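Heads up, the thing below is written out as structure tokens.
Owing to the predicted nature of the structure, the values given are computational and were not obtained by experimental measurement. Each chain gets a letter, A, B and so on, in the order the sequences are listed, and its residues count up from 1.
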Amino acid sequence: MALTPVRLRFAPSPTGYLHLGSARTALFNWLWARHIGGEMLLRIEDTDRERSQPELIQVIFDALDWLGIDFDGEPIHQSDNAARHAAVIDDLIHAGSAYRCTCTQEDVAARTKAAGGPPGYDGFCRDRGVGADESHVVRFRVPDDGATSWVDLVRGEISFEHRNLEDFVLRRRDGNPMFIVANAVDDVDAAITHVVRGEDLINVTPKMLLVRAAMGVTEPVAFAHLPLIVNEQRKKLSKRFGDVAIEDYRARGFLPEAMVNYLALLGWGPADGVEVRPVDEIIGLFELSDIGQSGAMFDIKKLEAVNGEWIRRLEVDEFVRRSLPFVDSIPGFDAARFAEIAPDLQTRAKVLSELPALCDFLFLDEPEIDDASWQKAVVDNPDAPRLLDAAVEAFTVSEWTAEALHAATLEFAEAAGLKLGKAQAPIRVAVTGRTVGPPLFEALVVLGADTTLARLRAARERC
RNA sequence: GCCCCCAUCGUCCAGUGGCCUAGGACGCCUCCCUUUCAAGGAGGUAACACGGGUUCGAAUCCCGUUGGGGGUGCCA
């Protein structure tokens with residue numbers, strides 16, 4: 001007897017972006033598939049006609065590819081299986097598992113309101129024998145008694161009593177199949193063995209199980225319902241609350257290594273406590289049974305910390321290469337010059353998008369002077385004028401190395417009775433425009449003597 | 001309302017009956033290093049929601065309460 005191959009899938013709908021929650025779902029499916037040596041399929045659930053534009057789908061492919069989540073075989077398009085979905089629904093009608101219903105949503109709402117009962121369909125058309133020629137939807141005939149249950153891989157046994165399940169719609173009035181049917185049928189056809197998805201889908205699982213059984217499918221399928229990723233309000237992450245698309249984080253300068261690493265930590269954690277680690281190691285350690293059951297808050301601070309760690313782990317050359325898209329649009333940008341200062345930037349950036357603010361003074365004709373910095377280090381600093389004068393004088397004759405500039409500054413700082421840290425402030429603002437940035441003397445070396453002295457003189461004139 | 005799920009530091013995880021005076025990470029605070037800011041090093045702060053059981057023993061098992069979330073669409 002051959003062992004059934006483990007087969008998982010990620011089934012996004014073409015929304016035009018990859019939601020963080022979806023990405024996490026894709027990741028957990030993928031981690032488990034790769035861990036167990038199973039197959040990982042990609043299926044685009046594009047039954048919604050107007051949302052199935054190729055560009056919208058491409059965005060999702062790109063995001064998955066960026067994260068490093070790969071798939072076995074070509075992507076499946078659910079819309080290609082429309083005929084199969086229709087045939088299954090017809091079979092269910094013939095078998096008596098489903099029936100046509102003429103009730104509109106208004107009809108149903110009016111009746112339940114009049115009856116004062118709970119919302120939901122009341123089974124009005126169950127035995128009316130509605131013909132195919134009448135305008136109708138197709139509903140599944142849920143058994144009156146009993147329950148549908150399964151042993152969820154992350155939550156244990158979950159059970160729904162049939163009397164709490166209404167006769168749900170299988171096919172819309174316009175003839176299109178509902179998600180429940182298309183999804184269940186495609187999973188059967190692809191011989192999916194494990195469905196790993198968000199907890200928000202937990203209540204449609206009994207319906208899918210019912211459809212599977214009515215189809216006569218006997219192969220088991222295991223479900224693992226992941227805890228939701230929530231925001232500060234403990235609510236499901238939604239698009240109207242901050243950035244929820246993977247692409248947004250990519251644009252902000254998060255590394256895919258960090259993104260994947262952090263997402264894996266939402267609802268799961270390695271037993272040895274080592275959180276920041278390569279994805280290959282995570283694959284090795286990942287078990288569905290170790291997934292937590294409570295919602296995990298998306299903590300941007302922690303994501304940034306993980307990202308900073310990954311930035312620091314990069315080889316300098318690689319750091320430069322990855323930084324380029326974020327800095328090469330600075331006017332006057334010079335790659336060689338950027339590479340010189342790169343090691344000093346690498347420990348200072350949590351996200352790549354903050355790089356321009358740290359190094360743009362090296363490329364711009366004039367540094368962009370930050371008002372608050374200028375106020376603090378120059379205007380409010382009575383020592384500023386003479387420090388700038390001293391710097392011009394000392395730097396004019398200094399050898400142009402970090403050590404020499406350091407020594408020269410130390411000398412006139414001490415003469416003025418100031419600590420080096422205090423003395424370099426107005427110089428830093430004059431040259432870089434800000435009070436914070438990479439180490440001053442190293443930056444001056446990269447900037448060059450002429451530009452440095454010109455900026456110091458210009459600042460002195462403004463005092 | 002009804003259905004389903006969840007409940008350990010502010011946050012994310014560890015803990016699966018004794019090793020827990022509850023551990024790690026992020027954050028926050030202090031100190032060291034220091035050329036600003038980082039990075040790095042050393043400390044510190046801070047939690048088993050509550051009430052009943054079960055047991056020699058419970059963060060761990062059971063029940064209840066409270067709190068939170070998800071669903072309740074001819075969306076997915």
A:Arg24 side chain to A:Leu266 backbone, donor-acceptor under 3.5 Å
yes
N/O donor-acceptor pair, side chain A:Ser13 with base B:A76, under 3.5 angstrom:
no
For the residue pair A:Arg428 and A:Thr435, confirm or rule out a side-chain donor-acceptor distance under 3.5 Å.
no
Just by distance, no angles: are the side chains of A:Asp189 and A:Asn81 close enough, under 3.5 Å, to form a donor-acceptor pair?
no
When the P atoms of B:U30 and B:C19 are considered, how many whole Å apart are they?
36 Å
What contact category does A:Thr435 fall into here, base, sugar-phosphate, or nothing, at under 4.0 angstrom with non-hydrogen atoms?
base
Between the base of B:C74 and the side chain of A:Arg173, is there any donor-acceptor pair under 3.5 Å?
yes
Below 4.0 Å: OP1/OP2 of B:G10 and any side-chain N or O of A:Arg234:
no
For B:G1, give the paired nucleotide (Watson-Crick: N1-N3 plus N6-O4 or O6-N4; G-U: N1-O2 and O6-N3; both under 3.5 Å), or none.
B:U72
Between B:C75 and B:U16, how far apart are the two P atoms, rounded to whole Å?
47 Å
Determine the Euclidean distance between corresponding P atoms of B:A14 and B:G70; express it in Å to zero decimal places.
22 Å
When you measure from the centre of the six-membered ring of A:Phe10, is the NZ or CZ of A:Arg43 under 6.0 Å away and within 45° of the axis?
no
Tell which nucleotide pairs with B:C26, taking only Watson-Crick or G-U wobble pairs whose two distances are both under 3.5 angstrom.
B:G10
Touch class at under 4.0 angstrom, heavy-atom based, for A:Glu442 against every strand present:
base
Please compare A:Gly156 and A:Cys103 by the position of their nearest nucleotide in RNA chain B and report the one closer to 5'.
A:Gly156
Would you say CD of A:Gln58 has more than 12 non-hydrogen atoms from neighbouring residues, nucleotides or ligands within 6.0 angstrom?
yes
Between B:A25 and B:C37, how far apart are the C1' atoms? Round to whole Å, please.
24 Å
Determine the Euclidean distance between corresponding P atoms of B:G10 and B:C28; express it in Å to zero decimal places.
16 Å
Can you say whether a donor on the side chain of A:Arg155 sits under 3.5 Å from an acceptor on the base of B:C5, or the other way round?
no
5'-most contact on RNA chain B (nearest-nucleotide basis), A:Val204 vs A:Leu265, goes to A:Leu265
Please confirm whether the shortest side-chain N or O distance from A:Gln105 to OP1 or OP2 of B:C74 is below 4.0 Å.
yes
Mark yes when over 12 heavy atoms from residues, nucleotides or ligands other than A:Glu393 sit less than 6.0 Å from its CD; otherwise mark no.
no
Mind telling me whether A:His35 and A:Trp32 have parallel, tilted or perpendicular rings, with 30° and 60° as the class edges?
parallel
Please measure how far the P atom in B:A39 lies from the corresponding atom in B:G23, and state the result in whole Å.
25 Å
B:A58 -> Watson-Crick or G-U wobble partner, both distances under 3.5 Å, gives none
Distance in angstrom units between A:Phe160 CZ and B:U72 P, rounded
12 Å
Kindly say if A:Arg348 contacts the phosphate of B:U35, meaning a side-chain N or O under 4.0 Å from OP1 or OP2.
no
May I ask you to say what A:Lys419 touches in the nucleic acid, namely base, sugar-phosphate or nothing, with a heavy-atom cut-off under 4.0 Å?
nothing
List the steps and the verdict of side-chain hydrogen bond (donor to acceptor under 3.5 Å, both in side chains) for A:Thr102 and A:Arg128.
CA-CA 10 Å; A:Thr102 56; A:Arg128 287 183 60 231; 3.1 Å; yes
For a quick test of reading the model: is some side-chain N or O of A:Arg312 closer than 4.0 Å to OP1 or OP2 of B:A38?
no
May I ask you to verify if any side-chain N or O of A:Gln293 is less than 4.0 angstrom from the OP1 or OP2 atom of B:C6?
yes
For B:G44 and B:G52, measure between their P atoms and round to the nearest Å.
35 Å
Watson-Crick or G-U wobble partner of B:C50, both distances under 3.5 Å:
B:G64
Using a strict threshold of under 4.0 Å (side-chain N to carboxylate O), is an ion pair present between A:Asp360 and A:Arg434?
yes
In whole Å, what separates the C1' atom of B:G15 from that of B:C56?
22 Å
If you take any heavy atom closer than 4.0 Å to RNA chain B, which residues from residues 350-364 of chain A end up in contact?
none
G-U wobble or Watson-Crick pairing nucleotide for B:G40 (cut-off 3.5 Å, both distances)
B:C32
Could you check whether A:Gly267 gets within reach of a base, just the sugar-phosphate, or nothing at all, counting any heavy atom under 4.0 Å?
sugar-phosphate
Under 4.0 Å between a side-chain N or O of A:Lys302 and OP1 or OP2 of B:C12?
no
